[in-house]
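Please read all numbers here as calculations on a predicted model, not as lab measurements.
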Amino acid sequence: MPFDGAVVKSLVHEFNNKIVNGKIDKVYQTEKDEIILSIRSYKETNKLLISASSNYPRINLTNENKSNPQVPPAFCMLLRKHLIGAKVISVTQPSLERVVEINLQCIDELGYSNQKSLVAEIMGRNSNIVFIDTNSNKIIDSIKHINEDISSLREVLPGISYVYPPAEGKLNTLTITEELFEKSIKELSSSISLEKFFVRFFFGISPSISREICYLADLDIDIDIRDLNAAQTKYLFSSFETIIRDLKTNTYNPTVFYKNNEIYDFSCFNLKTYSQYSTKNCLTISEAIELFYNERDKKDRIKQKTGDIRKVISNKLDRSIKKIEKQNNEIAESQNSEKYKIYGDLLTSNLHLMKKGDRSINVLNYYSDDPSYMDIPLDFQLSPSKNAQRYYKLYTKSKNALIMIKQQIEETNKEIYYLEAQLDNLEKCTDELEINEIREELSEQGYLKKRKEKNQKHTKQSKPASYLSSSGFEIYVGKNNYQNDFLTLKVASSNDIWLHTKEIPGSHVIIKTNENAVDDITLKEAANIASFYSKGKLSSKVPVDYTYKKYVKKPSGAKPGMVIYENHKTIYITPDESIIKGMKRVSS
């Protein structure tokens, strides 16, 4: 997920169209390493987010409404002092670096005009936000102070001169010529792949852009660039020039890429190397960045909030799996029950051949298809008849144990299914309310300790997802067991169609028929939703059962979300998220 020089250049182009000549009217510091500037222009007000986060550094226009600390941090107070009322003169980028300079016309306490710059360095864990006096080039302050103990290459401290991050001897991508390109290859002293060559020697080129250049040139990214012939080198530069031309002319196509239904990457170009992935085209690069980081941030936040639940469920699941292995072994051992009955019958038929004190007897096994003699162990302390009775008792005990173990296996399998379904439900969570519902259910079922209510019990309930089929039918899908029970037992009417993945943990899906016949397209769309909202979302040809809701029952004492059904049919479908994303959402 590169926040590379190309993305930064597209952002600078957007900022110059959106915020230049605007005035800063508000400054917020929403996180220890993140600020938001509200910039008001004649036509609109834009919010500029700048984050120096080690994990997700970024700069983009945003629509987010973030909460602010009650006491503003010192850096925020400093920016407010200097920047409230400041005019954005220009936004620049030095040499395709991952650096954005917001140049400002400020008014000091005495009413004099002076120029300052807010510099966003988007460089991974070395990201920073630096506030500079433009005339003296001195650092006024920065959101992160970097002294010589942290970096021996470059200090970032108040009062010292500002210098750009080390350039590492890279070439200016925007001014490169074919002659200079060929010369840089000839001067190479060691082998280097095509992909690494562009990343190592040119500003603003990330691995994804480098792979795109190789793709356009129809060359393998792992080829040693020194092994190219003259024609290949020329074609490679031509592909490189295509990217350069788009950058020079600010020709962008902001795109977000999805891999296996999860957000994967973004770029200011619609990269052909990602043609196998699903995409979402955005109007601006800020929109693409916002979508990418919001989904990543939401996923991380959900993962963090559900970590303790996942751990408990996973531990219970592991124990249940080990338990069923042990029970299956007991089943194998209990298969001896028929053997004990045969022993009892054969001893009863041959009592006259035994006497107390015998340790075994060799008798003809007339139960065998090929009758032959067999040895039967005896307890020498028991009489012949009691030895026969002993085997009958073992037969009865083993037979009863077999029935009990099968019942236990059935219960263990139900628990495994339930726990796997809860793990799947956690994957579907999109907000804290849904997480809390799962937590509450697991507490009621005895898997989690009940939390003490700080206030009164929450009555607000999360809502199922809802879609409109191509034919206009409403389709509802539950994302946890409370929602599943609510849909199936409260929302659905007798002749609505109920869908669920066959023997795979997943969501209940309801097609509201309103007593109308449902067409095949709607049925397939609903089955696609059921397969996607299930543990089988990454599989192909997922079996989805469907029937009328009147054939779906909840057994007495069943866990939340658990039902039985009959008179069903099965449809096989490969989950396709793009179909779901293309469907209209039904307003709640």
Side-chain angles (χ1 to χ4, degrees), residues 3 6-31 34-52 58-68 72 75-94 98-122 129-135 140-141 143 246-256 266 268 281-294:
F3 211 108
V7 166
V8 171
K9 189 174 188 306
S10 65
L11 277 167
V12 169
H13 176 67
E14 179 187 348
F15 296 161
N16 275 296
N17 288 326
K18 285 277 191 178
I19 63 174
V20 167
N21 295 321
K23 287 189 175 182
I24 298 174
D25 60 0
K26 293 176 184 176
V27 178
Y28 306 104
Q29 187 171 342
T30 51
E31 306 284 350
E34 177 180 287
I35 64 170
I36 294 178
L37 306 178
S38 175
I39 304 172
R40 178 171 45 81
S41 60
Y42 175 71
K43 293 181 180 179
E44 59 184 347
T45 297
N46 289 287
K47 289 189 292 185
L48 179 66
L49 182 150
I50 310 174
S51 173
R58 57 170 166 146
I59 177 171
N60 61 277
L61 297 178
T62 181
N63 292 316
E64 287 187 78
N65 291 312
K66 290 194 170 188
S67 58
N68 302 300
F75 186 68
C76 179
M77 294 299 291
L78 176 75
L79 292 184
R80 286 179 179 176
K81 175 184 174 182
H82 290 274
L83 298 187
I84 298 297
K87 181 180 179 180
V88 180
I89 303 171
S90 64
V91 183
T92 57
Q93 174 194 23
R98 291 172 293 168
V99 175
V100 179
E101 297 175 327
I102 304 167
N103 303 305
L104 304 153
Q105 189 75 42
C106 304
I107 305 296
D108 63 19
E109 297 94 331
L110 300 176
Y112 292 107
S113 176
N114 54 68
Q115 290 191 11
K116 295 183 173 66
S117 294
L118 194 63
V119 182
E121 300 173 353
I122 311 300
I129 305 171
V130 189
F131 187 41
I132 303 166
D133 183 289
T134 309
N135 295 326
I140 300 172
D141 204 352
I143 207 162
D246 287 343
L247 288 172
K248 284 181 176 179
T249 58
N250 292 309
T251 305
Y252 307 114
N253 187 356
T255 308
V256 175
F266 73 93
C268 55
N281 296 102
C282 301
L283 294 176
T284 65
I285 186 64
S286 281
E287 182 186 334
I289 292 169
E290 184 99 321
L291 177 61
F292 179 85
Y293 284 104
N294 279 358

With the side chain counted from C-beta on, respond yes when [X] and [Y] share a heavy-atom pair under 4.5 Å apart, and no when they do not.
X: Lys47; Y: Tyr28; value: no
X: Gln105; Y: Gln115; value: yes
X: Cys106; Y: Leu83; value: yes
X: Leu11; Y: Phe3; value: yes
X: Lys87; Y: Asn21; value: yes
X: Glu101; Y: Val12; value: no
X: Met77; Y: Gln29; value: no
X: Ile102; Y: Phe15; value: no

So, [X] side chain and [Y] main chain: donor-acceptor pair closer than 3.5 Å or not?
X: Asn16; Y: Val91; answer: yes
X: Arg80; Y: Val27; answer: yes
X: Glu290; Y: Asn63; answer: yes
X: Glu287; Y: Cys282; answer: no
X: Glu14; Y: Thr284; answer: no

Could you tell me which residues satisfy salt bridge (Lys or Arg N to Asp or Glu O under 4.0 Å) with Lys81, sequence neighbours excluded, listed by chain and number?
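Lys81 satisfies salt bridge (Lys or Arg N to Asp or Glu O under 4.0 Å) with Glu109 only.
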Give me the ring orientation class for Phe266 and Phe292: parallel if the planes are under 30° apart, tilted from 30 to 60°, perpendicular past 60°.
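Rings of Phe266 and Phe292: tilted, 30 to 60°.
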Closest heavy-atom pair and its distance - Leu247, Lys9:
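The answer is O-NZ, 2.7 Å.
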Mind listing the closest non-hydrogen atom pair of Leu48 and Ile19 along with its distance?
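Closest heavy-atom pair between Leu48 and Ile19: CD2-CD1, 4.2 Å.
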Apply ring-ring contact (aromatic ring centres under 6.0 Å, His included) to His82 and list each qualifying residue two or more places apart in sequence or on a separate chain.
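Phe131.
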Acceptor/donor pairs from residues 35-45 side chains to any protein atom, 3.5 angstrom cut, sequence neighbours excluded:
unit_1: Ser38; atom_1: OG; unit_2: Asp25; atom_2: OD1; d: 2.8
unit_1: Ser41; atom_1: OG; unit_2: Glu44; atom_2: N; d: 3.4
unit_1: Ser41; atom_1: OG; unit_2: Glu44; atom_2: O; d: 2.8

